[in-house]
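The structure under discussion appears below in the form of structure tokens.
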Amino acid sequence: MRLSRYFLPVLKENPAEAQIVSHRYMLRAGMIKQQTAGIYSWLPLGLRVLNRIQTIVHEEQARAGHIPLLMPTLQPADLWRESGRYDDYGQEMLRIKDRQGREMLYGPTNEEMVTDIFRSHVNSYKDLPLTLYHIQWKFRDEMRPRFGVMRGREFLMKDGYNFDIDKDAALHAYNRHMVSYLRTYERMGLTAIPMRAASGPIGGDNTHEFLVLASTGESEVFYDAAVVHLKLGAREVDYDDRAAVAEVCAEFTTLYARTDETHDATLFDAIPEERRKVGRGIEVGQIFYFGTKYSESMGANVVNDKGEKVAVEMGSHGIGVSRLLGAIIEASHDDKGIIWPEGVTPFPVGIVNLKQGDAAADAACAALEKALLAKGLEPLYDDRDERAGAKFATMDLIGLPWRITVGPRGLANGVVELTSRRTGVSVEMTPEAAVAKVAEIYAGI
Ligand code: ATP
Ligand code: MG
């Protein structure tokens, strides 16, 4: 992509309405535009990151054996009357009437709808286990939408629902989600700590929230400092192996980590004092096991292997896809702008031409662009007729993790410069070596 032809409405001034750094940088980098309270347009750069995050979510759900579908944003009120939640949900639910006067709502979540799909088509244990999920826009008429995409009213969520024959199978689905979420967040360059949580309007006893530590987080968290260092890394987990999956979950949930809702001062005080931490966190996901809460009220039954009709066991599992952009920026930025982890960056690398119009520099940039594209790495090439300083400032603000700088002086010696956004370290090398190095960095990401 050439910047001269792109749509990147960068702001020079700090927008007054943004209270936290991620919101400020998303506005300044031309990623989003607020249309009304808590509702945003996703401008091209923001959309690229949102799509990267969705791709990672889909890939990790596929790895865990979960099946994508797509349910609508608008739902009939009657479905929610069956579970009893139409009246319970309160003012957060956006209620709408169609021209026939039928009551509808903009879905804040999809337990009822997916249970309706299940009961229409599945009636035997032989079709289980089954986990269906989608990535779809949700609407919650939040009392205080704020912090940009962190607490929107319309927001993008991955929500998945497991259907199992008995409690053990459903708890395995719960564990499988936990492991797949750990992998999902790690691929985005995040440390998201599973913390024991309270269940709220979805109901159920077993629930964990995934929190990214950040001073701007809305949740108060209490944890053992050692929990921050746990990593899944490159290990392979067989998602069908119940014991292996449970073992990973035990590894990540044994150390103390809770939100204020479930905090237990006695347990917390048992942690050695130097490891006792109180801080703040951003909730980027939550998993629930709730058994037969919806299947009983909505008549989602299956016949088991003894020929008996039983209510299907369920759980639901959500990832805050649009909130993740804010969380990643809160966790990865400096005073010049965003620092995207390679896994989610909108472009893998930027090219800065220090002297636009210089025949050698222009040709070298075009050749670099072509070579990177041939490797499947689409660069953002700043080909504008701008000062070098302005080009660097834009690249730093939008946070591409790698930059190749091309100028007549370097080219006279056969070299360009490859710079890491994170460390600021620049290395001179031939254009071919720079392309090979960037390809090596992104291999396997
Ligand atoms: P919160 O406590 O932050 O209001 P929640 O517990 O009500 O969130 P869930 O029902 O667990 O939310 O939804 C799954 C995920 O969707 C959350 O973990 C969060 O990352 C994201 N999410 C929830 N509400 C919003 C919102 N208003 N804006 C952006 N993302 C949200
Ligand atoms: Mg939650």
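In each ligand, atom 1 is the first atom listed, and ligand 1 is the first ligand listed. Note that this is a predicted model, so its numbers are computed, not measured.
- Annotation: Ile319 places no N or O atom under 3.5 Å from an N or O atom of ligand 1; distance criterion only.
- Residue contact annotation: Val284 has a non-hydrogen atom under 4.0 Å from ligand 1.
- Taking all heavy atoms of Glu209, Glu261, Arg140 into account, the minimum distance to atom 9 (P) of ligand 1 is reached by Arg140.
- With a 4.0 Å heavy-atom cut-off, ligand 1 is reached by no atom of Leu324.
- Leu397 and Tyr25 get closest at one heavy-atom pair: CD1-CD2, 3.8 Å.
- Around CD of Gln91, the count of heavy atoms belonging to other residues, nucleotides or ligands within 6.0 Å does not exceed 12.
- For the residue pair His23/Arg146, the side-chain donor-acceptor check at 3.5 Å is not satisfied.
- For ligand 1, the atoms closer than 4.0 angstrom to any heavy atom of Gly285 are 18 (O), 20 (O).
- The shell of residues lying under 4.0 angstrom from ligand 1, judged by heavy atoms, includes Met150.
- Remark: ligand 1 and Met157 share no N or O pair separated by less than 3.5 Å (distance only, no angle test).
- Between Glu142 and ligand 1, a contact under 3.5 Å exists for at least one N or O pair.
- Ligand 1 has an N or O atom lying under 3.5 Å from an N or O atom of Arg323, backbone or side chain.
- Considering Arg153, Arg323, Arg151 in turn, Arg151 is the only one that fulfils the salt bridge (charged side-chain N to carboxylate O under 4.0 Å, His left out) rule with Glu142.
- Using a 4.0 Å heavy-atom cutoff, Ser322 is absent from the residues neighbouring ligand 1.
- Counting backbone and side-chain atoms alike, Glu283 contributes an N/O/S atom closer than 2.8 Å to the Mg ion (ligand 2).
- Within a 6.0 Å radius of CD in Gln100, more than 12 heavy atoms belonging to other residues, nucleotides or ligands are found.
- Heavy atoms of Val321 come nearer than 4.0 angstrom to ligand 1 in no pair at all.
- Here the two rings, on His66 and His177, have centers that are under 6.0 Å apart.
- Checked against the 6.0 Å centroid threshold, Trp80 and Tyr89 count as a close aromatic pair.
- Interface of Val149 with ligand 1, defined as ligand atoms under 4.0 Å from a residue heavy atom, comprises 29 (C).
- Checked against the 6.0 Å centroid threshold, Tyr294 and Phe163 do not count as a close aromatic pair.
- Under a 3.5 Å cut-off, the side chain of Ser124 and the backbone N or O of Lys126 do form a donor-acceptor pair.
- With distances taken over non-hydrogen atoms, the option nearest atom 26 (C) of ligand 1 out of Phe155, Phe210, Phe288, Phe139 is Phe155.
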